Amino acid sequence: MAVKSRREEYAETTRAAIVQAAVEEFASEGFAKSTMDNVAQAARVTKGAVYHHFTDKAELFEAVFVVMEERLLARVTAGVSGIDDPFELMATGVDLFLAECCEADFRRIAVQEAPAALGWARWKEIEEQYFLGLVAGSLDALAQAGVIAPPSGDLTARMLLAAMSEAGLAVAASPRPAAERRRAGALVMQFVSGLQDHSPPAPRADP
């Protein structure tokens, strides 16, 4: 196992401090009004140190967005640990995601600012990188348990992930986020329940 040099350890510590300062800056001011100067001052580093790690504000914002996604993934993973019933697991995961949308920093950075700051395509790419596989795996578990019969391919997972994103936007924009969280979560799970196999039985063959 390679041992990191003090220079490498210092660089990692500095980068982490910059990202944490940027989380607070972007959550408070939004992308447009945030400045690299403010981030440097909050992180107690020079502006040059910030630009050593990040070429511009957009790259720094992407690093902050990734931190938000990693935090969400960790909280969802921990929250569903030990749940065996696939429908309960899905419902709990959806609720944990919506709960995160009630958190001020996640709401401002990941839900409200990220699509515009990163561009829709890059925002969607990162979101799918972290959560498309998780959603697809949850749907597979429901299918294997006979709860739903989703069409083949990943379109179902993509559509469900999009529905969750819209639910997150609704929670983030609501003056009563806790109440909207419950309503949106129930609606998402209605969508999941709608994937049950309602096809008519095959006709009986004539004797």
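Any value given below was found using the heavy atoms of this structure, including those in side chains, with hydrogens, waters and symmetry copies removed. Source: prediction; values computed, not measured.
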- Message: Whether E125 and R122 form a salt bridge (side-chain N of Lys/Arg under 4.0 Å from carboxylate O of Asp/Glu) is what I want to check.
- Response: yes

- Task: For the residue pair Y10 and S5, establish whether any side-chain heavy-atom pair is separated by less than 4.5 Å.
- Result: no

- Message: In this structure, would I83 and L98 fall into the same cluster of hydrophobic residues linked by side-chain contacts under 4.5 Å?
- Response: yes

- Do you know which two heavy atoms are closest between V39 and I18, and how far apart they sit? CG1-O, 3.7 Å

- Item | Co-membership, hydrophobic cluster, residues V66 and W120, 4.5 Å side-chain | yes

- Message: Could you measure the distance from the CZ atom of R158 to the NZ atom of K124? Nearest 0.5 Å is fine.
- Response: 8.5 Å

- Query: Could you state the interatomic distance from OG1 (T35) to NZ (K57), rounded to the nearest 0.5 Å?
  - Reply: 7.5 Å

- Residue pair V76 / F97: nearest heavy atoms and the distance that separates them: CG2-N, 4.4 Å

- Which atoms form the tightest heavy-atom contact between E69 and A110, and what is the distance? OE2-CB, 4.4 Å

- Not counting sequence neighbours, which residues clear side chain to side chain donor-acceptor pair (under 3.5 Å) with R107? List them please. none

- Item | Carboxylate-amine/guanidinium contact E9 R6, below 4.0 Å | no

- Nearest heavy atoms of V171 and C101, plus distance in Å: CG1-CB, 4.1 Å

- Task: Using atom types as modelled and distance alone, determine if a side-chain donor or acceptor of D85 lies under 3.5 Å from a backbone N or O of E88.
- Result: yes

- Message: Is any side-chain heavy atom of I126 closer than 4.5 Å to one of E62?
- Response: yes

- Message: Do T92 and D95 pair up side chain to side chain, a donor and an acceptor below 3.5 Å, judged on atom types alone?
- Response: no

- Let me see the working for F61 and E113 under side-chain contact (heavy atoms from CB on, under 4.5 Å), right down to the final yes or no. CA-CA 10 Å; F61 185 90; E113 297 280 338; 3.8 Å; yes

- Within residues 40-53 or reaching into it, pairs that qualify as salt bridge (Lys or Arg N to Asp or Glu O under 4.0 Å) - sequence neighbours excluded: D37-K47

- S165 side chain to L161 main-chain N or O, any donor-acceptor pair under 3.5 Å? yes

- Query: Looking at side-chain heavy atoms only, is the closest gap between F131 and M164 below 4.5 Å?
  - Reply: no

- Are F191 and V94 in one and the same hydrophobic cluster, where Ile, Leu, Val, Met, Phe, Trp and Tyr link if side-chain heavy atoms are under 4.5 Å apart? no

- Query: Just wondering, do D105 and R71 contact through their side chains at under 4.5 Å, heavy atoms?
  - Reply: yes

- Message: Looking at every heavy atom in both E59 and F54, which two are closest together, and how far apart are they?
- Response: OE2-CA, 3.7 Å

- Item | Common cluster, I148/L155, ILVMFWY with side-chain heavy-atom separation under 4.5 Å | no

- Query: Side chains of L72 and Y130: does their closest heavy-atom pair fall under 4.5 Å?
  - Reply: no

Enumerate, atom names and distances included, each donor-acceptor pair closer than 3.5 Å involving a side-chain atom of residues 183-190, sequence neighbours excluded.
from: R183; atom 1: NE; to: E180; atom 2: OE1; distance (Å): 3.3
from: R183; atom 1: NH2; to: E180; atom 2: OE2; distance (Å): 2.9

- Identify the two heavy atoms, one from S34 and one from F26, that lie closest to each other, and give their separation to 0.1 Å. OG-CD2, 3.3 Å

- Query: Is the backbone N or O of A170 less than 3.5 Å from a side-chain atom of S174, with the two atoms forming a donor-acceptor pair by type?
  - Reply: no

- Joint cluster assignment, V19 & L73, ILVMFWY side-chain distance < 4.5 Å: yes

- Within a strict 4.5 Å, meaning less than it, do heavy atoms of the E70 and R75 side chains meet? no

- Message: So, taking the atom named CG in L142 and the one named OG1 in T156, what distance separates them when rounded to the nearest 0.5 Å?
- Response: 12.0 Å

- Query: Looking at OG1 of T77 and CG of L96, how far apart are the two atoms once the value is rounded to the nearest 0.5 Å?
  - Reply: 9.5 Å

- How far does CG of L195 sit from CG of L160, to the nearest 0.5 angstrom? 7.5 Å

- More than 12 non-hydrogen atoms from neighbouring residues, nucleotides or ligands closer than 6.0 Å to CD on Q41, yes or no? no

- Would you give the length of the straight line joining atom CD of E25 to atom CZ of F31, rounded to the nearest 0.5 angstrom? 11.5 Å

- Task: In sequence, state the C-alpha distance, the side-chain angles, and the governing distance for V23 and M68, and then conclude on side-chain contact (heavy atoms from CB on, under 4.5 Å).
- Result: CA-CA 9 Å; V23 168; M68 294 288 101; 4.0 Å; yes

